[in-house]
Amino acid sequence: KAHEKLLLTGAAGGLGQALRERLKANCATLRLSDRVSLGDAGSQEEIMLADLADAAAVDAMVQGVDAIVHLGGVSVEGPFGPILQANILGLYNLYEAARKHGVKRVVFASSNHVTGFYRQSETINADAPARPDGMYGLSKAFGEDLSRFYFDRYGIETACVRIGSSFPEPKDRRMLATWLSFDDLHRLITACLTTPVLGHSIVFGMSDNAVTWWDNSRARHIGYVARDSSDIFRDAVYARTSAPDLTDPAVQFQGGGFVKAGPFAD
Ligand code: NAI
Ligand code: 15L
């Protein structure tokens, strides 16, 4: 196994549940964390609940692990207060704990909403400047910059995986471009955890979809090869959805509906 003890945060969430079994292949022991219940520890598992905003709890959560898959946090656009606590303060707490305890590598669940205000008619790569589409996207852009600082200053390697839409199936026409299957997500995380030299890297998390807005040529060193594709769902998605309104910002921009969410009261 590549890792002795791997920490998975956000383990109670949609992607955490999908990865709970899959990641056992990557490590001797999988430490699961969330702020909500994770049930009983199964074989190969340890459970340590923590709120990401609680520095002492995060410190204890990180102690003793050799790598982290960080999925925990607010995962959609909404009021700034919870985003500040989980995604901004939480990221600082996580990297401070990683620095203190000598953790060498992190896979950070960033998001396509870091670049949500590029158009659906553009193909961008990891060098394109961030164009966040809301408070949530801004918090993920902060996480990308924070992790770059911890690499430049302390040598902690991070893969910022700008996940597109990782669900069992694409739910709408936009997700035909952004879809990432759970098996490809696991393949991508495995590649990030095992590539010899990761440095600080940004990679778009997508399956091998024919229609795409993202070019992963800046991340070839990670060695991720997608095996799934949204294309097998195309006809069914078209059949159950209506033709897009090209004047709708949710259709014009890569971030979809997120670009017109809010403003929210805190
Ligand atoms: P989710 O919302 O289902 O899971 C997030 C988990 O984080 C939840 O179990 C929640 O309890 C936990 N959490 C929230 N605030 C917390 C806090 N203050 N302290 C500790 N735990 C906290 O989200 P999902 O879909 O599983 O996504 C996982 C990660 O991947 C998130 O960081 C999300 O932003 C990112 N992502 C997911 C995408 C997707 O398509 N599913 C797309 C892009 C990014
Ligand atoms: C995200 O960042 C969200 O976490 C997820 O729930 C989806 O909305 C996804 O982006 C998307 O853009 O489809």
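As the structure lists them, so they are numbered: ligands from 1, and atoms in each ligand from 1. Sequence positions, counted from 1, serve as the residue numbers for this chain. Quick caveat, the model's predicted, so the values are computed rather than measured.
Ligand 1 lies within reach of A50, whose nearest heavy atom is under 4.0 Å from it. Between K140 and ligand 1 there is a heavy-atom distance shorter than 4.0 Å. The closest approach between S165 and ligand 1 falls below 4.0 Å for a heavy atom of the residue. Residue contacts with ligand 2 include G164, since one or more of its heavy atoms lies under 4.0 Å from the ligand. A heavy-atom separation below 4.0 Å is not found between K140 and ligand 2. Heavy atoms of G90 stay at 4.0 angstrom or farther from ligand 1.
A 6.0 Å sphere centred on CD of E46 holds more than 12 heavy atoms belonging to other residues, nucleotides or ligands.
With sequence neighbours excluded, no residue forms a salt bridge (charged side-chain N to carboxylate O under 4.0 Å, His left out) with K1.
Within the 3.5 Å criterion, the main-chain N or O of N209 finds no donor-acceptor partner in the side chain of D231.
In terms of protein heavy-atom proximity, atom 3 (C) of ligand 2 is closest to S75 O, 3.0 Å. Scanning the protein heavy atoms around atom 35 (C) of ligand 1, the nearest turns out to be A109 CB, 3.8 Å.
Ligand 2 has no nitrogen or oxygen under 3.5 angstrom from a nitrogen or oxygen of T178. Considering backbone and side-chain N/O atoms, S75 comes within less than 3.5 Å of an N/O atom of ligand 1. Taking only nitrogen or oxygen atoms, main chain and side chain alike, L71 reaches within less than 3.5 Å of ligand 1. Remark: ligand 1 and V36 share no N or O pair separated by less than 3.5 Å (distance only, no angle test).
Below 4.0 Å from some heavy atom of G72 lie the following atoms of ligand 1, by number and element: 7 (O).
With a 4.0 Å heavy-atom cut-off, ligand 2 is reached by the side chain of F167 but not by its N, CA, C or O. Of all the heavy atoms of I163, none lies under 4.0 Å from any atom of ligand 2, so neither backbone nor side chain is involved.
Closest heavy-atom approach to atom 44 (C) of ligand 1 within the set G137, S110, S33: this belongs to S110.
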